[in-house]
Amino acid sequence: MRRAQSDADFRHLHELFVAYESDLPAVLRHGEVPNLLGIARTYGLPNAAFVAIFEKRAIGCVALKRTPGDRAGAAVLLRLFVRPEHRRLGAARLLLQAAIAFAREAGDERIVLDTHKGQLEAAYRLYRSLGFQECEAYGEVSYQSPTFMQLEL
């Protein structure tokens, strides 16, 4: 598990974002994946992204983006993904724990996310197991029936 900081890390992150998009149910897809430069700019400081490595292969990721303005003090959790063949190894939990620790150290007051508890049940259960609770919408999403969640830090 490591925070993405090098060119190689951001290449891994891009590959994982592409895999994440194709793995999502069609109605939940975000659309185009940012290019490599866009990913490096978006998830460098003050934001962060984490990559899980298993047997020298990038198997999972998660990103954390700070919210400006009226939602200051919150970080948005994005793109939690573990390759299907590597699920049930605990990588998703470790990725989330790294993101939570980063947000705490950065002084964020809470982490917010959106998911679809009906179609992404395993992710929803994992979030709940780490203390996330359902909450009011924190922003707009591009799909119907989102489940908004937050973790108070």
Side-chain angles (χ1 to χ4, degrees), residues 1-67 74-104 106 108 110-135 138-151:
M1 187 74 45
R2 65 179 179 238
R3 187 164 161 254
Q5 296 184 50
S6 70
D7 289 344
D9 291 338
F10 288 116
R11 278 193 300 278
H12 290 312
L13 203 56
H14 183 264
E15 291 169 10
L16 289 162
F17 283 7
V18 169
Y20 166 76
E21 280 296 313
S22 66
D23 189 62
L24 281 172
V27 297
L28 299 180
R29 291 187 182 147
H30 301 93
E32 188 173 320
V33 173
N35 65 30
L36 189 58
L37 183 57
I39 289 172
R41 284 183 180 159
T42 300
Y43 298 111
L45 285 174
N47 304 315
F50 298 88
V51 178
I53 306 294
F54 181 72
E55 296 179 349
K56 299 183 181 180
R57 181 168 185 231
I59 65 163
C61 63
V62 70
L64 195 65
K65 191 172 178 184
R66 296 255 159 43
T67 59
V76 180
L77 189 83
L78 305 157
R79 301 178 190 257
L80 174 64
F81 174 71
V82 175
R83 294 182 189 275
E85 64 272 22
H86 292 98
R87 292 180 183 159
R88 301 204 177 277
L89 296 175
R93 181 174 295 277
L94 291 173
L95 285 162
L96 284 172
Q97 289 170 333
I100 291 167
F102 181 87
R104 276 197 176 109
D108 291 316
R110 66 187 182 128
I111 298 174
V112 295
L113 64 87
D114 62 270
T115 189
H116 192 291
K117 70 179 175 183
Q119 293 194 43
L120 302 173
E121 293 177 47
Y124 178 78
R125 285 193 311 272
L126 177 59
Y127 297 135
R128 294 283 301 183
S129 76
L130 290 168
F132 284 84
Q133 301 292 321
E134 289 188 35
C135 66
Y138 64 84
E140 299 282 325
V141 296
S142 60
Y143 61 95
Q144 293 184 352
S145 303
T147 305
F148 292 94
M149 302 182 83
Q150 70 178 3
L151 176 67

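Using a 3.5 Å distance cut-off with no hydrogens or angles, the side chains of E134 and Y124 do pair a donor with an acceptor.
Without hydrogens or angle criteria, D9 side chain to Q5 main chain gives a donor-acceptor distance under 3.5 Å. Put simply, the side chain of R29 gets close to the backbone of S22: a donor and an acceptor are under 3.5 Å apart. Counting only distance, with no hydrogens or angles, the side chain of Y143 and the backbone of T115 share a donor-acceptor pair below 3.5 Å. No donor-acceptor distance shorter than 3.5 angstrom exists from the side chain of T42 to the backbone of I39, with no hydrogens or angles considered. Checked by atom type and distance alone, the side chain of R83 pairs as donor or acceptor with a backbone atom of A58 at under 3.5 Å. Although no hydrogens or angles enter the test, the distance criterion places a donor-acceptor pair under 3.5 Å between the side chain of R87 and the main chain of V82. With hydrogens and angles disregarded, no donor-acceptor distance shorter than 3.5 Å links the side chain of R93 to the backbone of L126.
At most 12 non-hydrogen atoms from other residues, nucleotides or ligands lie less than 6.0 angstrom from CZ of R88. More than 12 heavy-atom neighbours from other residues, nucleotides or ligands sit within 6.0 angstrom of CD on E85.
Between the CD1 atom in I100 and the CG atom in L64 there is a gap of 9.5 Å [rounded to 0.5 Å]. In this structure, CZ on F102 lies 5.5 Å from CG on L45, to the nearest 0.5 angstrom. For the atom pair CG (L96) and CG (L77), the distance works out to 5.5 Å, reported to the nearest 0.5 Å.
The minimum heavy-atom distance linking S145 with H116 is given by the pair O-CD2, 3.3 Å. Summarising the geometry of P146 relative to V141, their closest heavy-atom pair is CG-CG2, 3.5 Å, with the distance given to 0.1 Å. Looking at every heavy atom in both residues, A98 comes nearest to M1 through CB-CG, 4.3 Å.
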